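Take a look at the structure set out below.
Below, chains carry the letters A, B, ... as their sequence lines are ordered, and counting in each starts from 1. Everything numeric in this text was worked out from a predicted model, so none of it was measured.
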Amino acid sequence: MSPKAVKLPQAFYLHSDVVEISLRLLGKVLATNIDGKLTAGIIVETEAYAGHRDRASHAWKGSPTGRTEIMYRAGGLSYVYLIYGMHVLFNVVTNKAGIPDAVLIRAIEPTDGVEVMLDRRKMTSLKPALTNGPGKLTKALGIDLSFYGLSLTGDKIWIEDRGLRIPESEIESGVRIGVDYAGEHAKRPWRFWIKGNPFVSK
DNA sequence: TCAGCGATTAACT
DNA sequence: GTTAATCGCTGAA
């Protein structure tokens, strides 16, 4: 962690408005430290999933069991799962215990450990394709299913504030991706990204 | 038990 | 623009 960085405290994740947290996470830095290898990047794209109120959420109909159990806990944990049998997606659990809200991190802009990330992605030069998608950034940061349920206030994975502030005029919002099955809920503009950032997913 | 499918990506035509 | 890769969860038998 660089000198001016401040790790976000658990209180940050307990906020009751998952949309508000999604906005505030833009410009923050997601970091992992695996076997002494530090990798990190600025969060440039997020999506809000508002638990039981939101049909697009994994926790829509369901009880606190199986893979969604972690979302019912108090905020500040990581919710990691496998999609299409091959891609790992990373979410931040928010809100207080009993309310399964989460924020999906869809894209980051690499800042630390670029060499390590390139190696993990089997790439040779820094291009947006390194981290401009939810399955890509997890691979670059070395996040896998073993990160399920880890605390974001620990020392293996965390989110820190480096003082970067994204003005509201630099944030764009839109419809979430890949959740067409959710009917009307799919139309809610709960996807947020930093305007013009080349690392935002397509 | 077991078939079907998803908050995706990369490699095709 | 289309499609294969690949696995844990879900719902139906």
Side-chain angles (χ1 to χ4, degrees), chain A residues 13 17-23 25-26 30 41 43-73 75 77-95 99-110 117-150 152 157 159 172-194 198-202:
Chain A
Y13 304 102
D17 185 352
V18 66
V19 172
E20 171 75 19
I21 294 179
S22 300
L23 288 168
L25 281 176
L26 291 174
L30 174 63
I43 297 171
V44 298
E45 184 176 1
T46 62
E47 272 184 28
Y49 286 86
H52 56 283
R53 303 196 309 274
D54 182 2
R55 193 178 154 196
S57 168
H58 288 160
W60 166 241
K61 47 188 171 192
S63 44
T65 57
R67 70 172 173 176
T68 62
E69 186 270 338
I70 209 72
M71 287 202 283
Y72 289 82
R73 309 255 200 112
L77 301 177
S78 75
Y79 168 46
V80 174
Y81 73 96
L82 192 64
I83 189 70
Y84 297 112
M86 55 180 66
H87 299 296
V88 178
L89 271 65
F90 170 75
N91 300 254
V92 176
V93 176
T94 70
N95 217 324
I99 303 179
D101 287 0
V103 179
L104 169 68
I105 307 301
R106 291 194 56 88
I108 65 171
E109 177 180 335
M117 290 194 250
L118 288 173
D119 187 51
R120 286 174 181 150
R121 294 271 292 131
K122 294 185 169 42
M123 291 172 64
T124 52
S125 63
L126 178 55
K127 291 178 288 199
L130 181 64
T131 55
N132 69 346
K136 300 177 187 178
L137 74 90
T138 55
K139 190 165 186 184
L141 291 175
I143 297 171
D144 60 28
L145 295 182
S146 72
F147 283 68
Y148 177 87
L150 287 188
L152 296 176
I157 181 169
I159 299 175
E172 270 186 294
S173 63
V175 170
R176 288 174 295 180
I177 294 174
V179 293
D180 295 343
Y181 62 86
E184 284 299 309
H185 293 171
K187 298 191 180 68
R188 296 186 188 183
W190 282 356
R191 172 172 168 246
F192 308 99
W193 65 94
I194 297 177
F199 290 90
V200 169
S201 68
K202 287 173 284 198

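Residue A:Lys136 contributes atom NZ, which lies 18 Å from atom P of B:dA7 at whole-angstrom precision. Separating the OH atom of A:Tyr49 from the P atom of B:dA7 is a distance of 7 Å, rounded to the nearest angstrom. Atom CD1 of A:Ile83 and atom P of B:dA10 are 15 Å apart (whole Å). Atom CG in A:Asp144 sits roughly 16 Å away from atom C1' in C:dT6 (whole-Å rounding). Rounded to whole angstrom, the span from the CG atom of A:Leu82 across to the P atom of B:dT8 amounts to 13 Å. Between the NE2 atom of A:His87 and the P atom of C:dA5 there is a distance of 13 Å, rounded to whole Å. Straight-line distance from the NZ atom of A:Lys139 to the C1' atom of C:dT6: 13 Å, rounded to whole Å. The nearest whole Å value for the distance from the OH atom in A:Tyr84 to the C1' atom in C:dC7 is 13 Å.
Taking side-chain N and O atoms only, A:Arg121 has a distance below 4.0 Å to OP1 or OP2 of B:dA10. In terms of phosphate contacts, A:Lys202 brings no side-chain nitrogen or oxygen within less than 4.0 Å of OP1 or OP2 of B:dT9.
Listed by first residue number, the stems of DNA chain C with at least three Watson-Crick or G-U pairs below 3.5 Å are B:1-6 with C:7-12, B:8-12 with C:1-5.
Between the A:Arg176 side chain and the A:His185 main chain, a donor and an acceptor come within less than 3.5 Å of each other. Distance alone, capped at 3.5 Å, places no donor-acceptor pair between the A:Ser22 side chain and the A:Thr46 backbone. Side-chain atoms of A:Tyr49 never come within 3.5 Å of backbone atoms of A:Ala59 as a donor-acceptor pair (strictly under, hydrogens ignored). With hydrogens and angles disregarded, a donor-acceptor distance shorter than 3.5 Å links the side chain of A:Arg121 to the backbone of A:Ala129.
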Which atom pairs, one a donor and one an acceptor, fall under 3.5 Å between side chains of residues 135-144 of chain A and the rest of the protein, sequence neighbours left out?
residue	atom	partner	partner atom	Å
A:Lys136	NZ	A:Asn132	OD1	2.8
A:Thr138	OG1	A:Val88	O	2.7
A:Thr138	OG1	A:Gly135	O	3.1
A:Asp144	OD1	A:Ser146	N	2.8
A:Asp144	OD1	A:Ser146	OG	2.5

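For A:Arg67, whose side chain is taken as the heavy atoms from C-beta onward, the closest listed nucleotide among B:dA7, C:dC9, B:dA10 is C:dC9.
Distance check: A:Leu150 CG to A:Leu77 CG gives 9.0 Å after rounding to the nearest 0.5 Å.
For the segment residues 124-131 of chain A, the set of residues with a heavy atom within less than 4.0 Å of an atom of DNA chain B is empty.
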